[in-house]
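Notes follow the structure.
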Amino acid sequence: MTSPLLDINGLKTHFPTSRGLVKAVDGISFSIGEGEVLGLVGESGSGKTMTGFSIIGLLDKPGRIVAGSIKLQGRELVGLSARELRGIRGKSISMVFQDPLMTLNHVLTVGTQIRLALQAHERLSAAQARKRAIDALALVRIAEPQRKVDFYPHQFSGGMRQRVAIAIALLHRPKLIIADEPTTALDVSIQAEILAEMKELVAKVGTALIWISHDLAVVSSLAQRVAVMETGRIVEIGDTHDVLTNPQHDYTKRLLNALPSRSTPGQLLARRADVRDAAPPPRQPRKAQATAIGEPFLVLDSVSKQFGKTPGLVRSAAVRAGLVEPESPVRAVDGVSLTLHRGEVLGLVGESGSGKSTLGRIAAGIVVPSSGSVRLGGAPMMSKDKAPRKITTAVQTVFQDPFSSLNGRMRIGDIIAEGPLAHGLIKPSSVGGYVAQWLAAVGLDPGFADRYPHQFSGGQRQRVAIARALAMQPDVVICDEPVASLDVSIQAQIINLLIQLRRDLDLSFIFISHDLSVVRHLCDRVAVMYRGQIIEQGRTSEIYQAPSQAYTRRLLAAVPALPAAAVSTN
Amino acid sequence: MMSRESGLYRFWNDYSRNRVAVVSVVIILVLVGLALSAPLIMPQDPYDLSHLVLRDARRPPGYVGTGGYTHWLGTDAQGRDLLSAIAYGLRISLQMGVIATGLALAIGATVGCGAAFLGGRVESLVMRIVDLQLSFPAMLLAFVIAAVLGQGKSQLILALIFAQYAYFARTAHGAAAAERRKDYIEAALSIPLSSWRVIRRHILPNALPPLIVVATVQVASAISLEATLSFLGVGLPPTAPSLGMLIANGFKYLLSGRYWISIYPGLALILVIVAINMVGDQIREQLNPRLRR
């Protein structure tokens with residue numbers, strides 16, 4: 001075959017908005033052959049998703065293709081009518097999205113949805129459709145497809161749902177599938193399964209695949225060629241191995257160097273030149289610490305947490321009368337004992353649903369454990385009331401999502417100063433200076449104090465959240481996935497900030513993450529959580545080199561690895 | 001004065017695209033201005049008996065009375081100038097509506113946010129009471145309370161608050177329950193900040209947009225409730241005549257050709273209520289993230 005399957009030339013997709021023209025895709029050209037897998041990599045806002053939407057003709061108004069051509073087997077797609085595009089979409093080109101919960105219809109069974117997708121392009125009877133649906137589910141390795149075909153999406157797990165979405169995308173044996181971050185919302189072990197299956201499927205069915213992702217490692221395990229996008233342009237395209245081991249463009253190099261997996265644990269990561277790292281934070285007079293460095297500090301003693309609705313009056317009466325069964329509570333955390341030594345960084349890893357976030361919230365004093373106790377330096381963390389309340393300010397928290405963890409209706413100066421003011425750490429007269437010091441400490445302009453959170457990027461907001469936690473002058477900081485929602489280069493900034501703050505302030509951290517490479521980079525010790533229990537803990541290097549539990553081994557093996565590279569020699 | 005970036009500027013920018021809503025704001029401003037400045041610009045104080053001349057009673061619009069000025073909207077059975085009476089009536093109606101809604105908002109928001117924040121038994125109990133109250137028509141509740149308490153401004157305000165706070169409590173509860181689960185509330189609790197502070201500084205401001213929408217609509221419904229009660233004779237005393245009472249006064253002449261005594265106050269009432277509802281609709285459109293384009 002000489003002519004490529006898909007040929008894109010000078011494609012420009014623009015969005016006129018009230019704040020000016022947004023050039024989402026700004027003149028990109030690439031082609032892809034039959035059966036080829038191309039990785040499209042970039043950070044948020046780089047235009048990789050808009051490239052996918054442009055190809056499949058799903059651009060939302062007011063976005064439109066202003067220039068360039070998209071040729072599928074020689075047929076021009078730019079300028080086709082909505083009707084003509086519908087004939088192509090799903091049949092010749094199909095798409096898999098990031099979140100299958102959003103793309104599958106909640107009120108239709110999977111079988112019905114597959115039938116509808118089939119009938120969009122073919123005439124066939126219900127019985128035929130059902131058979132095809134079962135075959136499609138079997139193809140993506142869903143066990144008992146005869147039974148599962150009548151399930152609703154909510155009856156599947158996240159990974160299974162994504163398999164269903166892939167099955168629907170494959171129905172008409174399209175020439176090309178565009179997959180937009182399809183494994184980003186999934187756990188590493190499920191991601192590994194899907195990646196392996198995808199690789200096999202593409203080879204078996206013979207479709208070409210454009211795999212859009214922010215994760216270079218995922219792309220490297222799948223794609224033959226990779227294109228790196230930045231601000232609407234492709235800055236580098238080539239053979240995956242070449243690009244990852246010998247990147248030519250500065251942006252690709254920066255992206256690779258920002259990855260913790262590429263760096264020596266504990267070292268500062270490479271970062272964008274335009275972002276400075278934090279200045280050493282101001283020292284506040286603090287009371288003498290009873291606990292010496294290295295001694296047990298934050299001690300969780302066989303804590304458990306059950307979640308279950310407290311039955312209402314009617315229901316509890318009905319239970320007492322034996323009319324209904326009492327609801328069995330979910331044990332999110334099941335008898336966990338964990339010790340954080342003063343001055344150390346303890347990593348808490350596990351997949352979603354393992355209870356690591358709940359354990360973190362217990363350690364932070366946000367969630368009251370159903371049983372067990374939390375003590376800090378020997379003193380209890382919660383009051384002994386009927387409704388226990390957190391009584392220490394020495395443990396503070398940084399949350400995963402900087403977009404929801406800051407109150408959008410408060411200025412960031414007020415957000416940072418609120419806690420210290422309420423607890424008398426500072427006087428109202430010294431608020432301005434105090435806030436300015438902490439903003440500077442996390443590498444933000446002190447003049448930002450009277451702005452609102454929505455005026456900042458994700459990385460800046462996470463810095464504000466860290467400043468809010470540190471302004472309480474804590475001894476322990478619980479970080480719940482603090483970098484999970486951030487781009488690689490911003491993730492590097494935040495990790496660097498945490499490394500520096502730890503050095504300067506004698507802080508102890510509990511660092512909760514699903515990202516094993518970040519944990520390896522940052523943590524002294526690691527605890528592995530599985531189904532509400534800690535199944536293994538120890539020094540980071542030991543756990544990573546010689547995990548004793550099968551689950552830990554699986555978890556580590558599932559992490560996609562980049563080809564070892566001569567990157568650092570740039 | 002308003003910077004281009006400020007929220008208020010952007011809000012007005014979006015708001016002004018809806019012509020009807022802009023006209024409604026103008027109507028409300030004019031009527032409020034009329035009501036506030038009634039003693040200054042109206043030819044007659046309709047409740048100062050020394051101004052009233054019985055000879056001028058029940059005159060049609062355009063009649064030039066003994067006072068030497070034109071009664072543009074005619075006069076009522078006591079010889080009151082209807083334009084003046086409407087302006088003074090608006091004063092009282094708007095006053096009742098705004099005060100009662102404001103207090104109902106404060107009480108309802110506190111009850112709803114508090115219940116959502118505290119959760120558990122308190123929440124179930126309080127919200128069941130609110131639900132129970134919502135299952136009765138507001139009119140019926142207000143009527144019973146007003147009838148028990150008797151006539152008077154403060155009694156009527158109490159009746160209106162009682163009939164309306166449940167709407168605010170329900171709305172505040174829903175909004176606050178959604179906010180309660182967000183990370184920034186957990187962040188505030190982990191500092192730790194006191195419950196009262198979390199409710200006041202974090203939950204309440206974020207639960208406010210839907211409450212503002214309900215409040216605009218409820219001002220209109222408070223005014224119409226008050227007018228209805230006054231019309232039925234259980235609302236305001238004759239010494240503080242509102243639009244409802246003016247309508248009631250002219251009611252018996254309606255079929256005898258002297259339509260203006262009832263119709264003009266009625267039109268004024270409709271104008272106020274429709275205008276406020278239009279403004280409320282537009283605000284809801286803009287504050288509701290589901291409807292945002």
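This structure is a prediction, so every number in the text was calculated from the model and none was measured. These values consider heavy atoms only, across backbone and side chains, with no hydrogens, waters or symmetry-generated copies.
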**OP:** Determine whether B:His202 and A:Arg409 make a side-chain contact, defined as any pair of heavy atoms from C-beta on separated by less than 4.5 Å.
**Re:** no

Subject >> Atom pair CZ/CD of A:Arg361 and B:Glu186 - distance to nearest 0.5 Å >> reply: 4.0 Å

Subject >> Nearest-0.5 Å distance that lies between atom CZ in A:Arg468 and atom OG in B:Ser190 >> reply: 7.0 Å

**OP:** Return yes when atom CZ of A:Arg64 has more than 12 non-hydrogen atoms of other residues, nucleotides or ligands closer than 6.0 Å, and no otherwise.
**Re:** no

**OP:** Please flag which part of A:Leu406 lies under 4.5 Å from any non-hydrogen atom of chain B: side chain, backbone, both or neither.
**Re:** backbone

Original post:
How many angstroms lie between OG in A:Ser405 and NZ in B:Lys182, if you round to the nearest 0.5 Å?
Top reply: 12.5 Å

Subject >> Segment of A:Val395 engaging chain B (4.5 angstrom heavy-atom cut-off) >> reply: backbone

Original post:
Highest number of heavy-atom pairs under 4.5 Å with chain B: which of A:Asn407, A:Ile366, A:Ile415?
Top reply: A:Asn407

**OP:** Please determine, among A:Arg389, A:Met472, A:Gln396, the option with the most heavy-atom pairs under 4.5 Å with chain B.
**Re:** A:Gln396

**OP:** Taking A:Lys390 for its side chain and B:Ile191 for its backbone only, find out whether a donor-acceptor pair lies under 3.5 Å.
**Re:** no

**OP:** Say whether A:Ser404 and B:Asp183, considering side chains only, have a donor N or O and an acceptor N or O under 3.5 Å apart.
**Re:** yes

**OP:** Among B:Gly119, B:Pro205, B:Ser194, single out the residue with the greatest number of heavy-atom pairs under 4.5 Å to chain A.
**Re:** B:Pro205

